[in-house]
Amino acid sequence: MNKNSEKIIISTYNHKGLYFAVGVSEQEGNILKSSIPKTRKKDVISEISDSFSSFKVSDKYENLAKSLCSAYHGKKTQFCFNIYDGTPFEKNVLEKVMKIPYGEVRTYKDIAETLGTRAYRAVGMALKRNPLPIIIPCHRVVKSDLSLGGYKGGTNMKKNILKMEGVHIVNDKIIKSMYG
DNA sequence: CAGGCTCTTCACA
DNA sequence: TGTGAAGAGCCTG
């Protein structure tokens with residue numbers, strides 16, 4: 001895995017035993033990477049820092065890490081960010097997923113079709129490598145039978161985030177009215 | 001449920 | 001550069 005050479009600042013936020021972290025470019029203040037919440041601080045920091053050759057930890061962007069926490073808890077939250085890495089295909093996927101409205105859901109198939117391809121599985125791969133989990137709402141992408149599908153942080157976490165956004169889920173399936 | 005289809009990416013030669 | 005395997009999926013029988 002080749003690393004981004006940009007210098008970043010990592011800030012964390014702790015809420016009820018869960019740590020959140022963001023990696024922000026020192027130069028421009030863009031969010032380049034976010035973490036899946038974890039129970040140990042060093043784990044969220046390494047999830048971020050692993051993608052970069054140079055970093056430092058400070059509380060400068062603690063407010064952003066806090067926003068990440070809010071978003072995780074189903075609060076509508078806006079972020080300013082850019083996507084620092086990835087193939088054109090991956091960027092196209094992330095761009096479509098960014099546009100899924102809060103509290104709604106789309107399928108891997110939908111995303112593939114709007115990109116004019118049948119690479120359903122490749123859409124999943126692209127989301128697996130989403131550098132901005134939660135901020136880019138890959139948890140709003142599910143399987144075409146409206147069962148949940150996979151998630152980097154575990155399907156249980158995917159289910160919980162969706163529930164907190166007000167999506168109705170019964171027997172691990174999205175109920176149709178939530179599917180825009 | 002099994003098996004084939006579809007495509008992108010990665011590993012390894 | 002070239003080939004093969006692996007995937008957060010989909011469809012048909």
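A note on names: the letters A, B, ... follow the listed sequences, proteins ahead of strands, and every chain is numbered from 1. Worth knowing before you read on, the calculation uses all heavy atoms, side chains too, and leaves out hydrogens, waters and symmetry mates.
From A:Lys33, atom NZ reaches atom OG of A:Ser51 across 4.5 Å, with rounding to the nearest 0.5 Å. Put simply, CG on A:Leu94 and CZ on A:Phe89 are 10.0 Å apart, with the number rounded to the nearest 0.5 Å.
Rounded to whole Å, atom C1' of B:dT6 lies 14 Å from atom CE of A:Met125. If you measure from atom CG of A:Asp145 to atom C1' of C:dA8, you get 13 Å, rounded to the nearest angstrom. If you measure from atom NZ of A:Lys152 to atom C1' of C:dA8, you get 12 Å, rounded to the nearest angstrom. Look at NZ on A:Lys91: it is 16 Å from C1' on B:dT9, rounded to the nearest Å. Atom CG in A:Leu127 sits about 15 Å away from atom C1' in B:dC7, given to the nearest Å. When the P atom of C:dG9 is taken as reference, atom CG of A:Leu146 falls 14 Å away, rounded to whole Å. Taking atom CZ of A:Arg121 as the reference point, atom C1' of C:dG9 lies 6 Å away to the nearest angstrom. Rounded to whole Å, atom C1' of C:dG9 lies 11 Å from atom NZ of A:Lys158.
Partner assigned to B:dT6 is none, using Watson-Crick or G-U wobble distances below 3.5 angstrom. Partner assigned to C:dA8 is none, using Watson-Crick or G-U wobble distances below 3.5 angstrom.
A:Thr87 comes within 4.0 angstrom of the backbone, heavy atoms only, and of no base. When heavy atoms are screened at a 4.0 angstrom cut-off, A:Lys128 is found touching base atoms of the nucleic acid. A:Ala122 comes within 4.0 angstrom of a nucleotide base, judged by non-hydrogen atoms across all strands. Counting any heavy atom pair closer than 4.0 Å across all strands shown, A:Tyr108 reaches a base atom.
Counting only distance, with no hydrogens or angles, the side chain of A:Asp110 and the backbone of A:Thr107 share a donor-acceptor pair below 3.5 Å. Between the side chain of A:Ser35 and the backbone N or O of A:Ala21 there is at least one donor-acceptor pair closer than 3.5 Å. Using a distance-only test at 3.5 Å, with no hydrogens or angles considered, a donor-acceptor pair links the side chain of A:Lys158 to the main chain of A:Leu148.
Picking from C:dA8, B:dT6, C:dC10 the nucleotide with the shortest atom distance to the side chain of A:Arg118 gives B:dT6. The A:Glu90 side chain lies nearest to B:dT9 when the options are C:dG9, B:dC7, B:dT9. The side chain of A:Ser144 approaches C:dC11 more closely than any other nucleotide in the set C:dC11, B:dC10, B:dC7.
If A:Tyr120 and A:Arg129 are placed on DNA chain B by their nearest nucleotide, the residue sitting closer to the 5' end is A:Tyr120. Each of A:Tyr151 and A:Lys109 lies near DNA chain C, and the nucleotide nearest A:Tyr151 is the one positioned closer to the 5' end.
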